[in-house]
Amino acid sequence: MTKPRIYSMSFASVYALYIAKAQKKGRTRTEVDEIIRWLTGYTQEGLGAQLEKKSSFVDFFADAPRLNPAQSLITGVICGVRVEDIEEPTMQKIRYLDKLIDELAKGKAMEKILRN
């Protein structure tokens with residue numbers, strides 16, 4: 001079975017789309033970065049390094065310092081699929097991040113997005 005194309009895509013290329021989506025809805029790059037750091041455990045410098053070296057999504061999540069244990073609280077539908085039902089771990093992490101960025105773009109408060 002072939003791997004989904006998103007696995008080999010550079011995280012930096014999709015990151016730019018996350019920023020554009022958030023800014024189009026009046027949100028900020030700082031908020032997008034905060035969400036990514038919350039989910040992955042990267043520092044701002046670590047996130048910048050991953051963007052600079054254009055890591056693939058697989059490598060981005062494999063190198064993540066500490067995935068947030070509260071990620072299991074992320075529920076809902078993205079691309080017609082319930083994120084909590086995705087069995088492949090890398091795809092689930094990608095969809096978790098997509099879901100969080102969607103919530104940001106829809107105007108949800110950061111406290112709720114970060115499951116505080």
Side-chain angles (χ1 to χ4, degrees):
M1 186 173 173
T2 61
K3 296 278 183 188
R5 198 175 98 205
I6 187 88
Y7 286 14
S8 60
M9 290 178 71
S10 130
F11 176 76
S13 66
V14 179
Y15 174 79
L17 299 174
Y18 290 152
I19 298 297
K21 181 176 188 172
Q23 289 177 338
K24 190 167 89 174
K25 299 292 186 165
R27 303 306 288 258
T28 66
R29 175 187 208 126
T30 303
E31 290 172 311
V32 172
D33 288 356
E34 184 177 352
I35 288 169
I36 295 168
R37 291 192 326 264
W38 175 86
L39 181 62
T40 61
Y42 282 110
T43 62
Q44 190 62 40
E45 295 76 27
L47 175 58
Q50 289 291 324
L51 293 169
E52 194 172 301
K53 72 179 188 180
K54 298 187 182 338
S55 297
S56 69
F57 259 104
V58 171
D59 292 339
F60 177 78
F61 281 109
D63 295 344
R66 184 182 149 274
L67 292 170
N68 195 315
Q71 70 184 347
S72 62
L73 300 175
I74 302 167
T75 59
V77 177
I78 190 84
C79 299
V81 178
R82 295 206 68 78
V83 293
E84 59 271 27
D85 294 340
I86 299 172
E87 292 182 14
E88 205 290 309
T90 301
M91 183 58 77
Q92 188 175 48
K93 291 174 190 121
I94 292 168
R95 296 303 180 202
Y96 279 157
L97 183 53
D98 288 346
K99 180 69 177 159
L100 295 174
I101 299 300
D102 274 2
E103 290 176 359
L104 179 68
K106 288 179 180 174
K108 201 168 190 182
M110 285 298 288
E111 299 78 41
K112 290 187 178 187
I113 295 170
L114 302 181
R115 302 336 194 226
N116 288 337

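Computation of the quantities below employed the complete heavy-atom set of this structure, encompassing side-chain atoms and omitting hydrogens, waters and symmetry-equivalent molecules.
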What residue among Ile94, Ile36, Thr90 forms side chain to side chain contact (heavy atoms under 4.5 Å, CB included) with Phe60? Ile36
For Gly41 and Pro65, work out which heavy atoms get closest and say how close. O-CG, 3.5 Å
For Lys25, does the NZ atom sit with more than 12 other heavy atoms under 6.0 Å from it, leaving out its own atoms? no
Please lay out, stage by stage, how Val32 and Arg27 fare under the test side chain to side chain contact (heavy atoms under 4.5 Å, CB included). CA-CA 8 Å; Val32 172; Arg27 303 306 288 258; over 6 Å; no
Kindly say whether Tyr96 contributes a backbone atom to a donor-acceptor pair with the side chain of Gln71 at under 3.5 angstrom? no
Donor-acceptor pair, distance only, cut-off 3.5 Å: does the side chain of Glu31 make one with the backbone of Leu104? no
Is the Phe11-Phe57 ring centre distance short of 6.0 angstrom? yes
Please determine whether side chain to side chain contact (heavy atoms under 4.5 Å, CB included) holds for the pair Ile35 and Met110, giving the CA-CA distance in whole Å, both sets of side-chain angles, and the decisive distance to 0.1 Å. CA-CA 8 Å; Ile35 288 169; Met110 285 298 288; 3.9 Å; yes
Under 3.5 Å side-chain donor-acceptor pair for Asp63 and Tyr42: no
Glu84 and Thr75: side-chain donor and acceptor closer than 3.5 Å? no
Side chain proximity check, Ser8 to Lys3, heavy atoms < 4.5 angstrom: no
Step-by-step side-chain hydrogen bond (donor to acceptor under 3.5 Å, both in side chains) determination, Gln44 to Arg37: CA-CA 7 Å; Gln44 190 62 40; Arg37 291 192 326 264; 2.5 Å; yes
So OG of Ser10 and NZ of Lys53: to nearest 0.5 Å the spacing works out to 12.0 Å
Does Val83 share a hydrophobic cluster with Val77, counting links as ILVMFWY side-chain heavy atoms below 4.5 Å and allowing steps through other members? no
Quick one: does Met9's side chain get under 4.5 Å of Ser56's, heavy atoms only? no
Report whether Leu73 and Ile78 are members of the same hydrophobic cluster (ILVMFWY, side-chain heavy atoms less than 4.5 Å apart, transitive linking). no
Tell me, do Val14 and Ile6 make a side-chain contact under 4.5 Å, heavy atoms counted? yes
Rounded to the nearest 0.5 Å, how far does CD of Gln23 lie from OG1 of Thr28? 8.0 Å
Give the minimum heavy-atom separation between Ala64 and Leu67, together with the two atoms involved. CB-CD2, 4.0 Å
Is the closest basic N to carboxylate O distance between Lys99 and Asp102 below 4.0 Å? no
Residues Ile86 and Gln92: closest non-hydrogen pair is O-NE2, 3.4 Å
I'd like to check Arg95 versus Val81 (side-chain heavy atoms, cut-off strictly below 4.5 Å). Are they in contact? no
Among side-chain atoms of Tyr15 and Arg29, is any donor-acceptor pair under 3.5 angstrom? yes
Is Glu88 salt-bridged to Lys93, going by a charged N under 4.0 Å from an acidic O? no
Reported NZ-to-CD1 distance for the pair Lys21 and Ile19, which is rounded to 0.5 angstrom: 12.5 Å
Return the minimal non-hydrogen interatomic distance between Ser55 and Asp59, and the atom names on each side. CB-CB, 4.3 Å
With a 4.5 Å cut-off on side-chain heavy atoms, are Phe61 and Leu39 touching? yes
Nearest heavy-atom contact between Glu103 and Ile113 is OE1-CA, 3.8 Å
